*Asks:* 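Got a structure for you, questions after.
Bear in mind the structure is a predicted one, so any value in this text is a computation, not a measurement. Just so it is clear: chains get the letters A, B, ... in the order the sequence lines come, proteins before strands, and each one is counted from 1.
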2 protein chains.
Amino acid sequence: MRLEEAIKQKEFKDQYNKAIVNLLYTQSFIVTKQSRLFKPLSLSPEQYNVLRILKGQKGSPITVSSIQERMLNKMSNASRLVEKLKQKGMVVREECPTDRRQVDILITEKGMDVLSQLHNEMHELNRTLIQLNEGEVDQLNFLLDKLRG
Amino acid sequence: MRLEEAIKQKEFKDQYNKAIVNLLYTQSFIVTKQSRLFKPLSLSPEQYNVLRILKGQKGSPITVSSIQERMLNKMSNASRLVEKLKQKGMVVREECPTDRRQVDILITEKGMDVLSQLHNEMHELNRTLIQLNEGEVDQLNFLLDKLRG
DNA sequence: TTACATTTAGTGTCTATACACTTATTTGAT
DNA sequence: ATCAAATAAGTGTATAGACACTAAATGTAA
């Protein structure tokens, strides 16, 4: 659906303003659909994001601040998200041996299980959410990377 | 900055997965910068969105559910956002004469003042946030509209 | 008209964002 | 060696998103 119909706005001042609104609306469109996938596993999109970061470590520990740096939303609170995941038994916290300010985080077997349960569905969803051909997706990624300067 | 550096992820499974992550990251990038503009006026991005919808009405009232339909995030809670704006004196609530379930909302002089204070800065910010030329912005809007099917 | 379904606004609760703050530890300059 | 600055993790608080729920008003069909 065109943005104008989706939010019932007839016109935009210019294409730059429309692009801003289009990006915000499209993110909400994506997150809403992803959330429904996470729901049965009692996982939020941001908790999923943290688990993905931990999985990417392939066994080596990562500190809370490094998780924060890798998060999609730089303003989110990795400390509290890790605590939520720990309560669910999906991660463990360990004191960092070289710097006692830091805390090493590791994904558990249970955390890995949750990710593999989601793997196929997520891949399928991401593919169907984006109704573009391969050339168009490449172009979109190029434009988004360029947009941010 | 390329997405890979921004979130320190070396590669993506495919361009579709990268596009999803790119869209989520870019939205956060935009909202974070917009929030700083709203901060001095004690306005949140979503409250601003509601005020913009009300301004677009050019004086005619709009119900809470119609505001909801026009919002960028369809899951947000127009009822509570309107209440916050009312407490700040930026909107008024009136009982709808034809349907007592509904509540008509109108923007006040104060609400309009806040919008005009932000007008120039917002336009400038939106323009500088998007580091694309005119043809590229058109292309981006086309791709985002097509993406959602 | 009565009974039932639908619509509208609003509430409750959990989670997350935004941002200022605290505490503990480490760094680094003198 | 000392002490201020910087860094890491975590806390407090206000706002918002996600989603189930309620209450009141309206629509509709028998």
*Asks:* Without decimals, in angstroms, what is the distance between B:Ile62 CD1 and C:dA9 C1'?
*Replies:* 15 Å

*Asks:* Round to a whole Å and report the spacing from CG of B:Leu81 to P of D:dA14.
*Replies:* 17 Å

*Asks:* Distance alone, cut at 3.5 Å: any donor-acceptor contact between the side chains of B:Arg148 and A:Asn22?
*Replies:* yes

*Asks:* List in numerical order all residues of residues 31-42 of chain A for which some heavy atom is under 4.0 Å away from an atom belonging to DNA chain D.
*Replies:* A:Val31, A:Lys39

*Asks:* As a quick check of understanding, evaluate side chain to side chain donor-acceptor pair (under 3.5 Å) for A:Asp14 and A:Asn17, giving each step before the final call.
*Replies:* CA-CA 6 Å; A:Asp14 57 41; A:Asn17 272 278; 3.2 Å; yes

*Asks:* Could you tell me the separation between the CD atom of A:Glu83 and the C1' atom of D:dG12, rounded to a whole number of Å?
*Replies:* 16 Å

*Asks:* Quick one: B:Met75 CE to C:dT15 P, roughly how many Å, whole number?
*Replies:* 16 Å

*Asks:* Roughly how many Å is it from CD in A:Gln68 to C1' in C:dT17, rounded to a whole number?
*Replies:* 11 Å

*Asks:* Protein within reach of the bases, or only the backbone? For nucleotides 5-10 of chain D, mark each nucleotide 5' to 3' as B, S or -, using heavy atoms under 4.0 Å.
*Replies:* --BSSB

*Asks:* How close do A:Asn126 and A:Gln34 get, counting heavy atoms only, and between which atoms?
*Replies:* OD1-NE2, 3.3 Å

*Asks:* Pair A:Gln27, A:Val31 - check side chain to side chain contact (heavy atoms under 4.5 Å, CB included), show working.
*Replies:* CA-CA 6 Å; A:Gln27 180 265 1; A:Val31 170; 3.4 Å; yes

*Asks:* Taking it one step at a time, do A:Thr32 and B:Lys74 satisfy side chain to side chain contact (heavy atoms under 4.5 Å, CB included)?
*Replies:* CA-CA 9 Å; A:Thr32 298; B:Lys74 300 304 180 201; over 6 Å; no

*Asks:* Between C:dT17, D:dA25, C:dT15, which nucleotide has the shortest distance from any of its atoms to the side chain of A:Glu46?
*Replies:* C:dT17

*Asks:* Does A:Arg93 have more than 12 heavy atoms from other residues, nucleotides or ligands lying within 6.0 Å of its CZ?
*Replies:* yes

*Asks:* With a 6.0 Å cut-off (strictly less than), is the heavy-atom count around CD of A:Glu11, excluding the residue itself, greater than 12?
*Replies:* no

*Asks:* Hey, is CD on A:Glu5 packed in by over 12 heavy atoms from elsewhere, all under 6.0 Å?
*Replies:* yes

*Asks:* Tell me, do A:Asn141 and A:Val137 make a side-chain contact under 4.5 Å, heavy atoms counted?
*Replies:* yes

*Asks:* What is the distance from CD of B:Gln87 to C1' of D:dT15, rounded to the nearest Å?
*Replies:* 12 Å

*Asks:* Roughly how many Å is it from CG in A:Asn73 to C1' in D:dG17, rounded to a whole number?
*Replies:* 13 Å

*Asks:* Starting at atom CD1 of B:Ile67, determine the distance to atom P of C:dT7, rounded to an integer number of angstrom.
*Replies:* 20 Å

